[in-house]
Amino acid sequence: MSLVPTATDALLVIDVQNDFCPGGALAVAEGDRVVPLCNALMERFATVVLTQDWHPAGHASFASTHGGEPFGVIELPYGPQVLWPDHCVQDTPGAAFHRDLVTRPAQMIVRKGMNPAVDSYSAFFENDRRTPTGLGGWLRDKGIRRVFLCGLATDFCVNYSAQDARALGLDAVLIEDACRAVDMPGTLADALATMQAAGVTLAATGDVG
Ligand code: VGL
Ligand code: ZN
């Protein structure tokens, strides 16, 4: 399969926000290293989408909301939910894109995780795996057949987005070196195995274009 972007390809840049970068509330190791790669990739695609984790204060995914410990897991009506430190609260500096991320090439910014009761890792569906963000329809209307994914975090929001893309019948290419993982015990290895089982292609920035 050629990895040269065409008119039916889109790049999804997932959650390159301050809170997921070093110094942020839910810092991913080396999260900021993806910024130059994401910037370079965006120039190669005619269709670019950014996602932005955008939670109300007191969100159901926050440990503080439940008096629990971050990185524990609880059962919510839609299934198990990892509890996170408060992060990406709407209109706070932590929720802003990394200052060096070039946002100009993006036609679409998808904000997600706004329902106080439901988390949303994926760019396509909330964590109930049912409620659409609208991105699937938007891409379909534009004739997009394949998505490339980069950003944060490999094992959560990138992983769920890639899986949902496949479930919607899109081809999906994970640009592995342009992602970084939270990497709780086993989560990165599990995510890579699950994505590969779902037919996601693993690639590197140098393979694209
Ligand atoms: C993410 C945990 C909580 C992500 C977002 O962007 O991967 N992870 N919210
Ligand atoms: Zn979040």
Side-chain angles (χ1 to χ4, degrees), residues 11-35 37-38 49-66 68-74 76 78-98 101 106 109-129 131 133 135 147 149-165 172 174-176 178-192 194-195 200:
L11 179 69
L12 309 184
V13 181
I14 307 294
D15 294 3
V16 183
Q17 295 168 259
N18 291 325
D19 270 342
F20 299 122
C21 291
L26 177 37
V28 171
E30 300 185 345
D32 55 337
R33 298 262 198 110
V34 307
V35 172
L37 296 174
C38 293
V49 175
L50 305 181
T51 69
Q52 192 171 24
D53 212 35
W54 195 252
H55 299 305
H59 190 255
S61 75
F62 295 170
S64 63
T65 301
H66 307 276
E69 286 300 314
F71 308 105
V73 180
I74 61 166
L76 288 181
Y78 54 83
Q81 172 68 50
V82 178
L83 293 179
W84 303 107
D86 291 22
H87 66 278
C88 297
V89 175
Q90 294 167 6
D91 274 331
T92 62
F97 291 116
H98 188 286
L101 186 75
I109 299 177
V110 177
R111 286 178 167 168
K112 59 187 182 62
M114 296 180 69
N115 182 334
V118 183
D119 205 0
S120 187
Y121 294 149
S122 165
F124 295 98
F125 294 98
E126 297 189 356
N127 283 13
D128 60 9
R129 311 283 332 233
T131 308
T133 62
L135 179 62
V147 294
L149 300 104
C150 58
L152 306 171
T154 325
D155 38 356
F156 289 93
C157 291
V158 178
N159 173 29
Y160 275 60
S161 298
Q163 286 186 46
D164 284 346
L174 175 78
I175 309 169
E176 220 180 330
C179 299
R180 288 293 185 280
V182 174
D183 204 12
M184 289 159 64
T187 53
L188 177 58
D190 284 354
L192 291 172
T194 308
M195 283 190 273
V200 176

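Counting starts at 1 for both ligands and their atoms, in listed order.
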From the N, O or S atoms in D53, identify the one nearest to the Zn ion (ligand 2).
OD2
Please state whether the separation between the Zn ion (ligand 2) and some N/O/S atom of [X] is under 2.8 Å?
X: H55; answer: yes
X: H87; answer: yes
X: D119; answer: no

Do [X] and [Y] come close enough that some side-chain heavy atom pair is under 4.5 Å?
X: S120; Y: N115; result: no
X: C38; Y: L101; result: yes
X: Q163; Y: R129; result: yes
X: F156; Y: D119; result: no

Which of the atoms of ligand 1 are close to [X], meaning less than 4.0 Å from one of its heavy atoms?
X: D15; value: 4 (C), 6 (O)
X: C157; value: 1 (C), 4 (C), 5 (C), 6 (O), 7 (O)
X: H87; value: 3 (C), 9 (N)

Please report which non-hydrogen protein atom sits nearest to atom 8 (N) of ligand 1, along with the residue it belongs to and the distance in Å to one decimal place.
F156 CB, 3.9 Å
Starting from atom 2 (C) of ligand 1, find the nearest protein heavy-atom neighbour and note its residue, name and distance.
W84 CE2, 3.3 Å
Main chain of Q17, side chain of Q52: is a donor-acceptor contact present, judged purely on distance under 3.5 Å?
no
Between H98 and F20, is the gap from one ring center to the other below 6.0 Å?
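Centroid separation for H98 and F20: 6.0 Å or greater.
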Is the closest heavy-atom distance from Q17 to ligand 1 below 4.0 Å?
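No heavy atom of Q17 comes that close to ligand 1.
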Would you check the N or O atoms of F20, main chain and side chain alike, for any that come under 3.5 Å of an N or O of ligand 1?
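So ligand 1 has no N or O lying under 3.5 Å from an N or O of F20.
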Between the candidates N127, T51, D53, L152, which shows the shortest non-hydrogen contact distance to atom 9 (N) of ligand 1?
D53
Record the part of V82 in heavy-atom contact with ligand 1 below 4.0 Å; permitted values are side chain, backbone, both and neither.
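Looking at V82 and ligand 1, no heavy atom falls under 4.0 Å.
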